[in-house]
Q: 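Take a look at this one; I'll ask things after.
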Amino acid sequence: MTTLIQPPPPSYRKWWWVPAALLVVALVVAAVIVLPDLFREDIGCEDGAVRNENGQCVRLSDGSVSFDTEIDDLVQRIDDENTAVVEEGEPWVSVVLLTPMTAGNNEDGFVTMAGIRHRLAGAHLAQLAANETSASPQIRLLLANPGSDFSSWESVVEEIQNRRADENIVAVTGISFSLENALDTIEQLTGPPPEQKPIGVIASTLTIDDLPTTRGFLKVSPPAEEHARAAAEYLADHDERIMIVRDDNEIDHYGRTLADAFEAQYPDDSQRFAGRPQPYNAQFGHVANAFRTIMHSVCNQKPSTIYFAGRGADALEFLNELAQRECRELPIQVITADDMPYHQLSESLAGKALDGANITVRYTGHVHPDAWHENPGGFDLYAVDQFSPGCEGPICYSEFSDGGVHDFAAVMEYDAVKTAVQAIRNASGPHHTPVDSDAVLQAMIQLHSAVAFDGASGRLDFDDKGQPINKPILILEAQNGAPPLYLESR
């Protein structure tokens with residue numbers, strides 16, 4: 001009898017489970033990443049708010065909508081104040097704070113939850129200060145979230161227009177970032193289609209110069225040209241060899257505007273510059289790679305000063321690479337602008353890398369307590385007191401913020417709301433005449449010369465383009481793990 005020899009099974013049959021297991025793992029990972037966005041409950045999107053394509057809750061709210069749990073406490077305070085205003089039965093109007101209420105997955109880092117909190121706190125403080133007085137009308141503060149990149153601006157502007165009568169909306173503040181969508185927001189509010197009425201806009205920290213010229217627009221922060229002028233004047237007394245590092249991002253105009261304005265300060269002195277401006281583009285990401293390449297030019301051209309025309313988040317990346325340059329024996333001063341204080345050196349790799357790197361970091365800014373003490377007559381001392389650590393009572397910044405007097409975003413948002421309140425109360429007049437958005441637009445035009453007033457950031461006197469006149473620009477020096485040093489005011 002012949003015995004048949006059974007061959008062993010093919011090896012692939014022994015290991016069939018390996019690809020199957022890998023497939024299961026891949027499906028689980030995909031489910032963890034994708035399914036929450038597809039099927040999650042609309043937590044925080046109650047009361048009619050909707051999630052945009054970035055998963056952020058967007059809407060106009062009176063404080064009853066939770067945009068992000070990190071700011072719920074502040075939003076609740078605003079809701080409580082708005083409710084109290086209505087329940088008192090006195091005349092009231094609404095001012096909209098239109099600014100990102102969510103940071104999203106913003107790799108550029110120019111929208112941070114810390115910055116959002118500061119803006120909310122500053123605006124709310126101005127609301128409380130306005131409502132403490134017996135002046136009429138009282139102020140409700142509505143919150144409008146266009147998304148971290150203003151991608152939902154059109155739907156938010158449409159909602160503002162649709163609800164302006166019911167909510168008695170008379171002005172919009174905020175719009176604090178120099179994004180293309182933010183500029184479109186201003187245009188749509190101040191110059192809407194014929195069937196809609198314009199609404200006055202008071203922006204807080206917009207720096208770019210290419211802004212609407214309508215008198216329906218004001219901004220409380222100085223333009224890029226003034227920041228560049230202050231930096232150039234500060235460098236004028238020193239024989240500095242300057243290199244410009246410039247963000248050429250087409251969506252965010254901040255960097256290019258600063259660079260062009262700074263370079264224009266030296267029309268007949270090209271020898272001051274260490275070669276051509278060094279460009280990068282934050283829109284493409286991977287900025288550290290670009291900065292690493294720029295280090296070759298830094299060591300070759302040997303500038304004593306680098307003017308960094310870009311966002312604060314990018315500046316930290318740049319400083320990190322600069323601290324590792326081959327020519328560390330070369331002392332370098334880096335000067336940038338008002339986005340720098342959004343980002344703390346102590347919380348970044350740059351802060352650790354700067355130790356012993358022969359680098360000094362300075363920037364042009366808006367607020368410092370030493371500037372208040374140096375020139376007390378140039379500021380609203382009542383507002384300054386509300387921001388001071390020694391302030392006591394419910395109308396104090398320290399009551400609902402862990403920040404301090406260096407939170408320039410809070411101060412600028414305070415002044416933007418204060419400007420809206422000033423126009424509203426001027427429009428109402430001594431006889432407490434009812435106010436609408438047209439009356440506020442008319443009053444905004446008059447906020448100059450004898451009708452100008454002091455704010456927490458300086459004199460609020462506006463020219464025909466809505467720009468502040470003679471606002472102080474401070475020269476500050478960043479400190480690792482400590483508040484900035486005040487050097488001078490320009």
Q: Stepwise, does the side chain to side chain contact (heavy atoms under 4.5 Å, CB included) test hold for Leu143 with Leu60?
A: CA-CA 6 Å; Leu143 308 177; Leu60 174 67; over 6 Å; no

Q: What pairs with Tyr234 under ring pair (Phe, Tyr, Trp, His ring centres under 6.0 Å), at least two apart in sequence or on another chain?
A: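 Tyr234 satisfies ring pair (Phe, Tyr, Trp, His ring centres under 6.0 Å) with no other residue.
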
Q: Answer whether the closest heavy-atom distance between the side chains of Ile202 and Met444 falls below 4.5 Å.
A: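 Touching, per the 4.5 Å side-chain cut-off.
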
Q: Where the side chain of Asn162 meets the backbone of Glu158, is there a donor-acceptor pair that is under 3.5 Å apart?
A: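 Checking the backbone N and O of Glu158 against the side chain of Asn162, a donor-acceptor pair under 3.5 Å is found.
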
Q: What closest approach, in Å, do Trp372 and Ala456 show between heavy atoms, and which atom pair accounts for it?
A: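 Heavy-atom minimum between the residues: NE1-O, 2.9 Å.
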
Q: Judged by modelled atom types alone, do Tyr486 and Glu477 share a side-chain donor-acceptor pair under 3.5 Å?
A: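 Distance-only check fails for Tyr486 and Glu477.
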
Q: Salt bridge check, Arg246 against Asp248: does any charged N sit closer than 4.0 Å to a carboxylate O?
A: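 Yes, this pair counts.
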
Q: Side chain to side chain contact (heavy atoms under 4.5 Å, CB included) between Tyr307 and Leu258: does it pass, once the steps are laid out?
A: CA-CA 9 Å; Tyr307 186 73; Leu258 283 171; 3.8 Å; yes

Q: Measure from the side-chain N and O atoms of Gln161 to the backbone N and O of Ile199, and report whether any donor-acceptor pair falls under 3.5 Å.
A: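 Answer holds: no.
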
Q: Identify the heavy atoms of Asp454 and Gly377 that sit nearest to each other, and give their distance.
A: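 Closest approach of Asp454 to Gly377, heavy atoms only: OD2-O, 4.0 Å.
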
Q: Regarding Asp407 and Tyr397, is there a side-chain donor-to-acceptor distance under 3.5 Å anywhere?
A: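 Looking only at side-chain atoms, Tyr397 and Asp407 do form a donor-acceptor pair, the distance falling under 3.5 Å.
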
Q: To check you understand the geometry: which heavy-atom pair defines the closest contact between Pro100 and Val111, and what is its length?
A: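 Distance-wise, the nearest heavy atoms are CB-CG1, 3.9 Å.
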
Q: Side chain to side chain contact (heavy atoms under 4.5 Å, CB included) between Leu447 and Asn426: does it pass, once the steps are laid out?
A: CA-CA 9 Å; Leu447 293 178; Asn426 288 355; 3.7 Å; yes

Q: Where do Gln446 and Val451 come nearest, in terms of heavy atoms and distance?
A: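 Gln446 and Val451 have their closest heavy atoms at O-CB, 3.2 Å.
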
Q: Judged by atom type as modelled, is there a donor-acceptor pair below 3.5 Å linking the side chain of Asp415 to the main-chain atoms of Ser457?
A: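 Yes: the side chain of Asp415 pairs with the backbone of Ser457.
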
Q: How many angstroms lie between atom CG of Leu98 and atom OG1 of Thr173, to the nearest 0.5 angstrom?
A: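 Answer rounded to 0.5 Å: 8.5 Å.
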
Q: When you measure from the side chain of Lys219 to the backbone N and O of Leu206, does any donor-acceptor pair fall under 3.5 Å?
A: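 Such a contact is found between Lys219 side chain and Leu206 backbone.
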
Q: In this structure, which one of Asp68, Val50, Thr102 forms a side chain to side chain contact (heavy atoms under 4.5 Å, CB included) with Gln56?
A: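 Option passing the side chain to side chain contact (heavy atoms under 4.5 Å, CB included) with Gln56: Thr102.
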
Q: Decide salt bridge (charged side-chain N to carboxylate O under 4.0 Å, His left out) for Arg140 and Glu167; before the verdict, give the C-alpha distance in whole Å, the side-chain angles of both, and the deciding distance to 0.1 Å.
A: CA-CA 9 Å; Arg140 294 172 74 236; Glu167 304 283 1; 2.9 Å; yes

Q: Please check if the side chain of His368 supplies one atom and the backbone of Asp370 the other of a donor-acceptor pair under 3.5 Å.
A: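 Yes; at least one donor-acceptor contact below 3.5 Å.
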
Q: For Glu250 and Gln283, run side chain to side chain contact (heavy atoms under 4.5 Å, CB included): C-alpha distance rounded to whole Å, both residues' side-chain angles, the deciding distance at 0.1 Å, then the answer.
A: CA-CA 8 Å; Glu250 294 182 358; Gln283 187 179 353; 4.3 Å; yes

Q: For Asn470, does the CG atom have more than 12 heavy-atom neighbours from other residues, nucleotides or ligands under 6.0 Å away?
A: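 It does not: Asn470 CG has 12 such atoms or fewer within range.
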
Q: Check whether Asp339 reaches the backbone of Gly312 with its side chain - one donor and one acceptor, N or O, closer than 3.5 Å.
A: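 At least one qualifying donor-acceptor pair exists.
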
Q: Assess whether ring pair (Phe, Tyr, Trp, His ring centres under 6.0 Å) is satisfied between Tyr414 and Phe387, documenting all intermediate values.
A: CA-CA 10 Å; Tyr414 178 100; Phe387 280 98; 5.4 Å; yes

Q: Without swapping roles, check the side chain of Ser151 against the backbone of Gly147 for a donor-acceptor pair under 3.5 Å.
A: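 Absent.
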
Q: Please report the closest heavy-atom contact between Ala315 and Met340, naming both atoms and the distance.
A: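 Closest approach of Ala315 to Met340: CB-SD, 3.9 Å.
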
Q: Between Ser388 and Asp385 (side chain of the first, backbone of the second, donor and acceptor by atom type, cut-off under 3.5 Å), is there such a pair?
A: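 Yes: the side chain of Ser388 pairs with the backbone of Asp385.
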
Q: Find out whether Ser489 and Ile473 are in side-chain contact, i.e. whether some heavy atom of one side chain is under 4.5 Å from a heavy atom of the other.
A: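 They are not in contact (no side-chain heavy atoms under 4.5 Å apart), so the answer is no.
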
Q: Just by distance, with hydrogens left out, do Ser401 and Arg117 show a side-chain donor and acceptor under 3.5 Å apart?
A: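 Short answer, no.
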
Q: May I ask you to decide whether Arg229 forms a salt bridge with Glu233, counting only side-chain N to carboxylate O separations under 4.0 Å?
A: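 Answer for the salt bridge query: yes.
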
Q: Any chance you could lay out the side-chain hydrogen bond (donor to acceptor under 3.5 Å, both in side chains) test for Asp314 and Tyr280, step after step, and finish with the verdict?
A: CA-CA 10 Å; Asp314 296 340; Tyr280 74 98; 3.1 Å; yes

Q: Under a 3.5 Å threshold, yes or no: a donor from one side chain and an acceptor from the other, between Thr305 and Gln333?
A: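 The answer is yes; a qualifying pair exists.
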
Q: Taking Ser152 for its side chain and Ser155 for its backbone only, find out whether a donor-acceptor pair lies under 3.5 Å.
A: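 Not a single qualifying donor-acceptor pair exists.
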
Q: Relative to each other, are the rings of Phe400 and His124 parallel, tilted or perpendicular (30° and 60° limits)?
A: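 Taking His124 first and then Phe400, their aromatic rings sit tilted (interplane angle of 30° to 60°).
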
Q: Check step by step if side-chain hydrogen bond (donor to acceptor under 3.5 Å, both in side chains) holds for Thr433 and Ser428.
A: CA-CA 5 Å; Thr433 304; Ser428 181; 5.6 Å; no

Q: When you compare the side chains of His253 and Glu180, does any donor N or O come within less than 3.5 Å of an acceptor on the partner?
A: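 Note: His253 and Glu180 side chains meet the donor-acceptor criterion.
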
Q: Compute the ring centroids of His366 and His227, then answer whether they are less than 6.0 Å apart.
A: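 When the ring centroids of His366 and His227 are compared, they turn out to be within the sub-6.0 Å range.
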
Q: Going by the side-chain hydrogen bond (donor to acceptor under 3.5 Å, both in side chains) test, name the single residue among Asp72, Asp80, Asp73 that passes it with Gln76.
A: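 Of Asp72, Asp80, Asp73, side-chain hydrogen bond (donor to acceptor under 3.5 Å, both in side chains) with Gln76 is met by Asp80 alone.
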
Q: Is the shortest heavy-atom distance from the side chain of Ile244 to the side chain of Phe308 under 4.5 Å?
A: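 No. Closest side-chain heavy atoms not under 4.5 Å.
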
Q: Please answer whether the main-chain N or O of Ser204 pairs with a side-chain N or O of Ser221 as donor and acceptor at a distance below 3.5 Å.
A: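 Flag set: sc Ser221 to bb Ser204 pair under 3.5 Å.
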
Q: Nearest heavy-atom pair of Ile116 and Met101: which atoms, and what distance?
A: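 In terms of heavy atoms, the two residues are closest at CD1-C, 3.6 Å.
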
Q: Do Asp436 and Arg164 meet the salt-bridge criterion of a basic N to acidic O distance under 4.0 Å?
A: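 Result for this pair is no, no salt bridge flagged.
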
Q: Side chains of Ile78 and Leu120: closer than 4.5 Å at any heavy-atom pair?
A: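 A side-chain contact exists here, since the closest heavy-atom pair is under 4.5 Å.
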
Q: Is Arg311 salt-bridged to Asp247, going by a charged N under 4.0 Å from an acidic O?
A: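 Between Asp247 and Arg311 there is no salt bridge, as every charged N stays at least 4.0 Å from the carboxylate O atoms.
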
Q: Hey, are the side chains of Tyr363 and Asp338 touching, using non-hydrogen atoms and a 4.5 Å cut-off?
A: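 They are not in contact (no side-chain heavy atoms under 4.5 Å apart), so the answer is no.
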
Q: For this output row, return yes or no: ring centroids of Tyr266 and Phe262 closer than 6.0 angstrom.
A: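 Yes.
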
